[in-house]
Amino acid sequence: MLPIAPFRGTPEEIERQWYERVYRGRGDSMLQLTWRAVLMGSALGGLLSLTNLYIGLKAGWGFGVAITACILSYAIWTTLHRIGLVHAPMTILENNCMQSTASSAGYSTGGTLISAFAAYMMINDQALSLPTMLAWVFFLSVLGVTMAIPMKHQMINVEQLRFPSGIAAAETLRALHSTGEAGMRSARALGWAALIAFVGKFWAEGLVVVSAKLSPFMIGTWVQAFNQRLFGPAWVGRTVMLSWEPMFIAAGAITGLHVSWSMLVGSVTAWMIFTPLLQHAGVIEGAGYASIVQWTLWGGVACMVTSSLLSFGLQWRTALRAFADLRAMFGAGRRDAHDPIAAIETPASWFVAGQLFGFLGLAWLGHRTFGMPYWQTAIAVALSFALALVACRVTGETDTTPVGAMGKITQLVFGALSPGNVNVNLMSANVTAAAAGSSADLLTDLKSGYLLGAHPRKQFIAQFAGIFVGTLVSVLAFRLLVPDASVLGSDQFPAPAAQTWRAVAAALSHGVQALGPVKIWSIVIGGLVGIVLTVLPKAIPRHQHLVPSPAGVGLAWTFHWYYGLLFFIGAMLGWWVQKKKPAWSEEFTFPVASGWIAGESFMGVSLVMWGNAPELLRRLFGH
């Protein structure tokens with residue numbers, strides 16, 4: 001079984017328990033960082049980055065590629081071994097390194113293109129040069145990946161945050177590589193769950209790809225008709241409706257009840273109370289998620305920011321320990337040279353080198369391309385580290401990274417520092433959003449390695465290797481898919497993420513006061529709520545389970561209402577099963593939930609490839 005239950009004790013005792021019970025005998029003896037793992041991860045990540053880029057331009061959504069890559073890699077390598085083309089299958093830790101490379105290449109590098117770069121094109125009606133785009137994305141990736149190095153100690157080693165997708169990836173790998181009877185039972189459960197989810201996703205969205213005449217028989221069509229009858233157009237326009245996306249129910253089972261009911265509280269207050277009040281007052285004139293989220297996100301983001309930074313500040317001793325080896329570099333102290341854990345962790349010198357390299361590259365590019373003063377780039381990088389802490393903590397608790405929301409905070413800051421300069425506003429926020437996304441992605445992968453007993457430093461190298469292929473493939477594909485700004489905001493590529501970034505940049509072009517009193521008060525009240533929800537558990541520790549999670553509440557103000565409902569349903573199911581059948585729950589809850597996420601994600605990617613591959617290939621090859 002994976003060591004999902006947290007270790008107890010002081011930070012030193014927790015790390016020692018992990019080293020002796022999980023790492024020793026596995027991470028120091030099993031193959032993991034190999035050329036075949038990195039090459040397989042690069043190939044799969046490059047392929048999946050195309051689908052994520054296309055999905056992002058269509059719907060502003062992206063699939064995590066780690067689990068899909070694990071399944072594909074295992075299937076490919078096992079087949080090659082059975083037919084005799086390779087001498088040995090990949091080890092579980094090789095596949096873990098592989099998924100780190102694939103995740104970096106397929107997910108971490110593309111988010112900046114569908115948001116800030118697309119918004120830049122819409123505002124300026126022109127694209128940046130190809131060398132500038134390649135360099136900017138690469139420097140951002142280096143900055144984000146290395147930014148996670150000091151966070152790993154606190155969030156994974158000491159606090160042992162869940163990072164549900166990391167748990168799901170570890171469960172998937174364990175089930176695939178298991179040989180014992182218990183492991184085979186878990187593997188079969190994961191396989192059946194993945195198969196059912198695979199078929200369900202196809203039934204929900206895939207029939208129309210086969211033939212438009214099958215559209216009336218799809219689950220998605222039934223749910224849409226049901227929503228119109230049960231909720232009506234007004235509530236559906238507020239995203240208060242049902243959605244057939246069971247993978248979020250599975251994610252809720254992994255996330256847990258506390259954070260999930262907090263998300264439901266946030267969903268209700270944002271979309272069923274706050275939004276109708278503003279609509280009836282005439283403040284919000286449109287309907288639909290894209291129009292409404294421009295008003296709700298400010299309070300939610302403020303709640304997440306204040307709570308995360310305060311929580312980090314309240315644990316200042318742990319934060320100082322996380323930088324102990326960094327202080328030692330400057331003579332402020334020295335770590336024990338014989339500490340076996342320090343010998344396998346990523347050294348702080350890599351963090352310093354990566355941050356310096358990324359900052360210098362971005363500062364030069366920003367000044368040369370956008371006329372951005374060097375001191376503003378320095379502020380953007382410093383702010384990125386603070387907000388990456390927020391994003392990583394939210395990801396650790398809820399499995400959703402608020403990349404766009406973090407970018408909005410930087411846009412707000414630079415709306416005051418550089419009012420009227422829309423390009424600087426966009427690209428400075430781009431630094432924050434990309435750094436937050438890359439950091440959270442790395443920590444999610446490192447959570448998988450932590451559970452499996454992997455070598456942290458080797459896994460970091462695998463993750464770093466992925467940014468080269470990811471940068472090249474995603475930037476070239478973006479240039480081919482979006483040759484000019486005319487296709488953005490069209491029926492072909494609605495580009496909702498870019499629309500949001502452009503709207504915020506335009507709103508801030510005349511200074512912070514352009515937000516108006518409603519948004520400013522939302523920020524103030526949301527920030528105070530985040531502080532209160534962080535302090536209350538410390539004040540009433542015996543009743544802290546009754547205090548909503550500020551990360552869950554704040555996040556629900558930035559996405560659709562029905563996501564909060566789906567997470568809550570999954571958490572309730574997981575809690576009920578654990579109460580009624582604890583032994584079954586311990587053995588099967590995580591494999592079943594992980595398999596469902598894997599199956600639905602894989603079918604989602606397959607449908608995009610199936611439905612859009614001809615058009616994508618024509619654009620790639622100019623036909």
Side-chain angles (χ1 to χ4, degrees), residues 49-50 52-54 56-57 60 62 105 108-144 357-374 376-377 380-381 384 403-404 407 410-411 414 418 420-438 467-490 492-506 508-509 619-620 622:
S49 71
L50 297 178
N52 263 343
L53 185 62
Y54 198 89
L57 290 170
S108 296
T109 55
T112 182
L113 296 168
I114 65 171
S115 55
F117 276 92
Y120 175 90
M121 291 180 66
M122 296 172 76
I123 290 174
N124 297 279
D125 197 26
Q126 64 178 9
L128 294 168
S129 68
L130 181 60
T132 300
M133 292 180 67
L134 287 168
W136 188 271
V137 173
F138 177 73
F139 286 131
L140 281 180
S141 299
V142 172
L143 190 76
F357 178 77
F359 164 68
L360 292 177
L362 291 171
W364 178 76
L365 277 176
H367 183 72
R368 176 177 175 270
T369 307
F370 311 111
M372 189 173 179
Y374 294 113
Q376 289 188 2
T377 304
V381 171
S384 296
V403 173
T410 310
Q411 285 189 279
F414 276 83
S418 186
N421 196 329
V422 179
N423 290 336
V424 168
N425 185 282
L426 278 176
M427 303 316 290
S428 60
N430 180 213
V431 174
T432 297
S438 296
I467 67 177
F468 294 91
V469 170
T471 296
L472 184 64
V473 173
S474 60
V475 170
L476 291 177
F478 179 82
R479 288 298 296 264
L480 293 173
L481 291 169
V482 187
D484 54 63
S486 64
V487 300
L488 295 170
S490 65
Q492 182 184 15
F493 290 131
Q499 298 274 24
T500 301
W501 281 61
R502 180 181 68 166
V504 174
L508 295 174
S509 61
R619 285 187 173 276
L620 286 174

For Tyr374, ring-ring contact (aromatic ring centres under 6.0 Å, His included) partners two or more places apart: His367
Looking only at heavy atoms, which two atoms of [X] and [Y] are closest? And how far apart?
X	Y	result
Arg479	Leu128	NH1-O, 3.0 Å
Ser384	Ala435	CB-CB, 4.1 Å
Ala380	Val431	O-CG1, 4.3 Å
Ala135	Leu365	CB-CD1, 3.6 Å
Val142	Ile467	CG2-CD1, 3.7 Å

Side chain to side chain donor-acceptor pair (under 3.5 Å) pairs, two or more places apart, involving residues 122-131: Asn124-Asn423, Ser129-Thr132
Aromatic ring proximity Phe139/Phe359, centre distance under 6.0 Å: no
Spacing of Met133 atom CE and Thr471 atom OG1 [to the nearest 0.5 Å]: 11.0 Å
Value rounded to 0.5 Å, distance of OG1 in Thr377 from CE in Met427: 11.0 Å
Sidechain-backbone polar pair: Ser428 side chain, Asn425 backbone, donor-acceptor under 3.5 Å: yes
Partners meeting side-chain hydrogen bond (donor to acceptor under 3.5 Å, both in side chains) with Asn430 (sequence neighbours left out): Thr112, Trp136
